[in-house]
Amino acid sequence: MGECQHNHGEHSHSHDHDHTEHAGHAGHAEHGDHGHDRCDHGHGGGFGHHHVHTPASYGRAFALGITLNLAYVAGEAIWGVRSHALSLLADAGHNLSDVLALGAAWVAEILSRRSPSTNFTYGLRRSSILAALGNAVALLVVTGGIMWEAVLRLIHPHPVAGVEVMVVAGIGIAVNGMTAMLFASGGKNDINLRGAFMHMASDALMSLAVVAGGGLILLTGWLRTDPVICLVVSLSIILATWSLLRDSLDMALDRVPRGIDPAQVDTYLRTLPGVCDLHDLHIWPLSTTETALTVHLVRAATENGQATDGLLNRAARELHERFGIVHPTFQIETLNDADQCSLASAHTV
């Protein structure tokens, strides 16, 4: 090979080649070894993008959640106009922003399933990461606005509409809580769905705060009860949302996904038969549910510059089983190639 067979611009991040053969794949791991030891390109092995398995669709959950919340927003707005309750109209506007957030998360889920193209060689999977990041930022901004209003009401207390507002907020608890539950299970493994869950769960908590505050005001007559409860709930929402913001920002910046220890991946790859060294190891999220890896494996003995004995299929299968990495790409090098590889330095990207 002389030097690395490609420059970094042609490495795993620019898959404009033919994926008719595969080194190993999540689907292959489930259905047996197909004997594909190499790809017909300089990586020495890789995945065909059209075989990547995506998680179950939450399209029905998004449709139901958006429908429920649109109906609630319409009812809240109508009730607010008829009762001249400005707080209900403001809350209707806030809930409309949540509908838009659900819509953005749904669009991202749809886009993430689009097939790769010549220009978007990984498809549009990263849109799910951007949607999660946008949801986290929007939730923090909206919560910050609510806290600001609560502080103003602490300084200048306003009378609360009472039973009327409590009834509407009670309906909001049911609607937002039900919608949040639609995404509760998916949110454990998909940060985009976690963003949708956080939006709706935070609204349910805020509605609960309105009901509790209204009830305490009716009992005690202390008007500052409502903003105090609102501030406490808002702080809890910010604390819960912070992890969503951190994780989505990490993904947007290609941080190694949480739950994967790069040192363990490095150690595993070095135990593969014939592998005496490795370099240029990269692990990053393709989407909120899929992880990719690229690495140069150095072998003391190769045949025609390619790995033998099903090494690539085995590595791909075990990376999937052990670490959940579904899209590995390998480049096989000899010791002489590795010495001359321009990407051998740990500081070279």
Side-chain angles (χ1 to χ4, degrees), residues 11-16 19 25-27 46-66 69 96-142 179-180 182-200 202 241-260 282-294 324-329:
H11 197 243
S12 62
H13 307 286
S14 180
H15 291 245
D16 291 330
H19 289 278
H25 184 273
F47 273 45
H49 293 239
H50 55 288
H51 282 185
V52 174
H53 290 180
T54 53
S57 173
Y58 276 77
R60 290 184 179 179
F62 278 115
L64 179 58
I66 289 174
N69 280 271
L96 181 60
S97 72
D98 287 331
V99 173
L100 296 177
L102 283 177
W106 191 9
V107 169
E109 190 203 33
I110 294 172
L111 291 177
S112 68
R113 296 173 182 277
R114 291 188 60 179
S115 298
S117 65
T118 301
N119 293 321
F120 294 95
T121 55
Y122 280 125
L124 297 175
R125 288 174 170 81
R126 188 166 288 268
S127 60
S128 59
I129 297 176
L130 297 179
L133 179 58
N135 264 336
V137 172
L139 189 53
L140 287 175
V141 170
V142 170
T179 305
L182 293 174
F183 304 102
S185 59
K188 296 176 182 177
N189 301 311
D190 187 339
I191 198 173
N192 182 40
L193 297 179
R194 194 192 340 160
F197 170 78
M198 285 298 303
H199 256 283
M200 306 318 302
S202 66
T241 305
W242 191 254
S243 64
L244 174 65
L245 177 65
R246 178 199 63 196
D247 292 348
S248 57
L249 185 59
D250 283 347
M251 284 187 167
L253 295 175
D254 287 342
R255 183 189 189 277
V256 176
R258 297 182 184 278
I260 297 180
H282 296 278
I283 307 169
W284 75 99
L286 280 176
S287 69
T288 53
T289 58
E290 298 166 295
T291 303
L293 171 149
T294 61
I325 296 171
V326 300
H327 197 303
T329 304

Please tell me if the side chains of [X] and [Y] come closer than 4.5 Å, counting only heavy atoms from C-beta onward.
X      : Y      : result
Ser243 : Arg194 : yes
Trp284 : Leu286 : yes
Glu109 : Asp190 : no
Arg114 : Phe120 : no

Strictly distance-based, threshold 3.5 Å: is any side-chain N or O of [X] a donor or acceptor partner for the main-chain N or O of [Y]?
X      : Y      : result
Arg126 : Pro285 : yes
Thr291 : Ile325 : no
Asn192 : Ala105 : yes
Thr121 : Thr118 : no

Could you tell me which non-hydrogen atom of [X] sits nearest to which non-hydrogen atom of [Y], and how far apart they are?
X      : Y      : answer
Phe62  : Ala196 : CE2-CB, 4.2 Å
Ser248 : Leu245 : OG-O, 3.1 Å
Ile66  : Trp106 : CD1-CE3, 3.7 Å
Asn69  : Gly65  : ND2-O, 2.7 Å

- Task: Identify, with sequence neighbours excluded, every residue that meets side-chain contact (heavy atoms from CB on, under 4.5 Å) alongside Ser185.
- Result: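 So Ser185 forms a side-chain contact (heavy atoms from CB on, under 4.5 Å) with Tyr58.
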
- Message: Going by the rule side-chain contact (heavy atoms from CB on, under 4.5 Å), which residues pair with Leu64 if we only count those two or more places apart in sequence or in a different chain?
- Response: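 In terms of side-chain contact (heavy atoms from CB on, under 4.5 Å), with neighbours along the sequence ignored, Leu64 is linked to Leu68, Leu182.
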
- Message: Once ring pair (Phe, Tyr, Trp, His ring centres under 6.0 Å) is applied, do any residues pair with Phe197, and if so which ones, sequence neighbours excluded?
- Response: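 In terms of ring pair (Phe, Tyr, Trp, His ring centres under 6.0 Å), with neighbours along the sequence ignored, Phe197 is linked to no residue.
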
- Query: Measuring from Ile260:CD1 to Ile283:CD1, what's the distance to the nearest 0.5 Å?
  - Reply: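 One finds 6.0 Å between CD1 of Ile260 and CD1 of Ile283.
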
- In Å, rounded to the nearest 0.5 Å, how long is the span from CD1 of Ile110 to OG of Ser127?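 The CD1 atom of Ile110 sits 10.0 Å away from the OG atom of Ser127.
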
Indicate every side-chain donor-acceptor pair of residues 128-142 with a distance under 3.5 Å to a residue at least two apart or in another chain.
from	atom 1	to	atom 2	distance (Å)
Ser128	OG	Arg125	O	2.8
Ser128	OG	Thr288	N	3.2
Ser128	OG	Thr288	OG1	3.3
Asn135	OD1	His199	NE2	3.4

- Message: Taking salt bridge (Lys or Arg N to Asp or Glu O under 4.0 Å) as the definition, give me every residue that meets it alongside Arg258, ordered by chain and number, with sequence neighbours left out.
- Response: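 Testing Arg258 for salt bridge (Lys or Arg N to Asp or Glu O under 4.0 Å), a comparison that skips the adjacent residues, returns Asp247, Asp250.
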
